[in-house]
Amino acid sequence: MTTREHDASVYEQVQESSEFQELKRAFRRWTFPMTVAFLAWYLLYVVLSGWARDFMAAKIVGEINVGLVLGLLQFVSTFLIAWAYARHAERKLDPIADKLRHEVEEKTQ
């Protein structure tokens, strides 16, 4: 068996392992719902901008209107999601990924 074939079989074994499957599940359990939530939030902003112009133009304080506040909240939510994902990855994903990486490194050396 060549080194390339040996490496491929190691990666195939890891991919079939229960740890790797758990890593994928943990990633998807967090990422898919968060993606759907963010896209729904963004779509709401776009729909309101297009069809609820009076609402979006309503002044809150001085020249600051609802549209501006919701637009800025898009940026805030993006940073919050990135921060939350980093915490999730550090607590749930990284330990599993590190374990798998060490196993692969041991098998391929």
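The basis for the numbers below is simple: all heavy atoms, side chains too, and nothing from hydrogens, waters or symmetry mates. We count residues from 1, following the sequence as given.
The shortest heavy-atom contact between P33 and R28 is CD-O, 3.5 Å. Listed here is the closest heavy atom pair of E19 and I96: O-CG2, 3.4 Å. Here the closest heavy-atom approach between residue F20 and residue V14 is recorded as CB-O, 3.0 Å. The two residues G71 and Y45 have their closest heavy-atom pair at N-CE1, 3.4 Å. Looking at every heavy atom in both residues, P95 comes nearest to A89 through CD-O, 4.2 Å. Listed here is the closest heavy atom pair of A26 and L93: CB-CD2, 3.6 Å.
Heavy-atom neighbours of R29 CZ from other residues, nucleotides or ligands within 6.0 Å: above the threshold of 12. In D98, the CG atom is crowded: over 12 heavy atoms of neighbouring residues, nucleotides or ligands sit closer than 6.0 Å.
Residues L43 and L48 do not share a hydrophobic cluster, defined by chaining ILVMFWY side chains whose heavy atoms lie under 4.5 Å apart. When the side chains of ILVMFWY residues are joined at heavy-atom separations under 4.5 Å, either directly or via intervening members, L73 and V61 end up in a single hydrophobic cluster.
One finds the CG atom of N65 at 11.5 Å from the CG atom of D54 (value rounded to the nearest 0.5 Å). Atoms OH and CD, from Y11 and Q13 in turn, are 12.0 Å apart once rounded to the nearest 0.5 Å. Between L23 atom CG and D94 atom CG the span is 9.0 Å, to the nearest 0.5 Å. Here the CG-CD distance, from L44 to Q74, works out to 8.5 Å after rounding to the nearest 0.5 Å.
Taking the six-membered ring where tryptophan is involved, the planes of Y85 and F27 are perpendicular, since the angle between them exceeds 60° and thus also 30°. Y42 and F38 have parallel rings, their planes meeting at less than 30° on a 0 to 90° scale where 60° marks the start of perpendicular.
L70 is listed as a side-chain neighbour of W41, based on a closest heavy-atom distance under 4.5 Å.
The pair R101-E105 meets the salt-bridge criterion, since a charged nitrogen lies less than 4.0 angstrom from a carboxylate oxygen. By the 4.0 Å N-to-carboxylate-O rule, R87 lies too far from E90 to be salt-bridged with it.
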